[in-house]
Amino acid sequence: MSELHELLCRNFSWADKIKSRSPDFFKNLSERHRPKYLWIGCSDSRTAPDRLLDLPSEQIFVHRNIANMVHSDDASCMSVIQYAVDQLKVDHIVVCGHSHCGGVRAVLEEQTSGPIDQWLKPLSVLKTSIAGKLKQASLNERSVTLAELNVVKQVTNVCKSATVQTAWEMGEKLSVHGWIFDVSTGILKDLLGDITSARSAAAVKEQYF
Ligand SMILES: [Zn+2]
């Protein structure tokens, strides 16, 4: 028997439990996909958004990768943003980083190689740009500082995407947010407030970079 048989059993009893409580649940789920939020987060298994937000997963459209990066030449991420904004009409895009991030720590300790090294190149550049600020701090403090600044940087990348720029030009209600999750306390922190226009996005860029 497959080692993963237990997972299939768990799925069966999960579906069964829901259907016994709400017989039309999956029928309704199959007929509607209208999440209000796009979440761009880290792949870290401790940071699943539906768990942190205590929301049903169908309310959050999700894109996750190592260190919650938004590269303008990443067709996967750009497609997710396009689909979320143009088709699903989400109201909010949240970029969320977190403490104790393996990607951030790897960059700080210069332990990246292979595809990860390539993927995290912009994070290395960011680290170099704040080298003075990071010098005296402990590894934990440095990783929080870099993770927070990385969130701000990725928020600016979301804001300058063609999809978001066009949505704002068309007067659509769309706001972008930068948050950080503290794995050691379970608490999310809002770093930037609501960014609701190209002008407010430019102000963030001006303030940080
Ligand atoms: Zn991470």
Side-chain angles (χ1 to χ4, degrees), residues 35 37-55 57 59-81 83-84 90 92-131 133-135 137-161 164 175-193 195 204-205 208-209:
Y37 314 98
L38 165 59
W39 178 275
I40 299 175
C42 183
S43 300
D44 190 302
S45 53
R46 299 165 294 181
T47 63
D50 49 333
R51 186 158 75 156
L52 313 187
L53 302 174
D54 196 19
L55 277 178
S57 58
Q59 293 188 22
I60 317 162
F61 196 59
V62 175
H63 179 78
R64 294 169 71 185
N65 60 49
I66 292 186
N68 41 274
M69 304 299 284
V70 178
H71 297 178
S72 60
D73 59 355
D74 176 7
S76 171
C77 184
M78 290 299 125
S79 307
V80 167
I81 293 172
Y83 188 72
V90 298
H92 303 274
I93 301 175
V94 176
V95 177
C96 187
H98 67 101
S99 69
H100 307 83
C101 180
V104 170
R105 287 206 171 178
V107 166
L108 282 169
E109 294 174 329
E110 297 180 3
Q111 303 236 322
T112 56
S113 62
I116 292 185
D117 183 61
Q118 192 59 33
W119 179 251
L120 296 178
K121 207 56 106 191
L123 196 49
S124 287
V125 172
L126 200 57
K127 181 191 86 169
T128 306
S129 75
I130 56 165
K133 206 173 168 188
L134 297 175
K135 220 172 177 178
S138 67
L139 177 61
N140 202 35
E141 288 164 341
R142 283 187 291 149
S143 73
V144 169
T145 302
L146 187 56
E148 290 190 353
L149 194 62
N150 184 44
V151 166
V152 179
K153 184 71 183 170
Q154 305 319 314
V155 162
T156 64
N157 289 344
V158 169
C159 293
K160 74 179 182 202
S161 68
V164 171
S175 49
V176 182
H177 311 263
W179 292 357
I180 194 99
F181 174 65
D182 187 337
V183 176
S184 69
T185 64
I187 300 300
L188 282 163
K189 184 169 79 175
D190 182 358
L191 299 174
L192 297 167
I195 302 167
V204 168
K205 199 171 172 204
Y208 285 88
F209 302 106

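Order of listing sets the numbers, starting from 1, for every ligand and every atom in it. Quick caveat, the model's predicted, so the values are computed rather than measured.
- Of the possible polar contacts, one joining the Lys127 side chain to the Val107 backbone as a donor-acceptor pair under 3.5 Å is found.
- Trp39 and Trp179 have perpendicular rings, their planes meeting at more than 60° on a 0 to 90° scale where under 30° would count as parallel.
- Minimum-distance N/O/S atom of His98 relative to the Zn ion (ligand 1): NE2.
- Arg105 is listed as a side-chain neighbour of His100, based on a closest heavy-atom distance under 4.5 Å.
- For His100, every N, O or S atom stays at 2.8 Å or more from the Zn ion (ligand 1).
- Annotation: angle subtended at the Zn ion (ligand 1) by Cys101 SG and Cys42 SG is 130°, to 10°.
- Of the inter-residue distances, the one linking Leu149 atom CG with Ile180 atom CD1 reads 10.0 Å to the nearest 0.5 angstrom.
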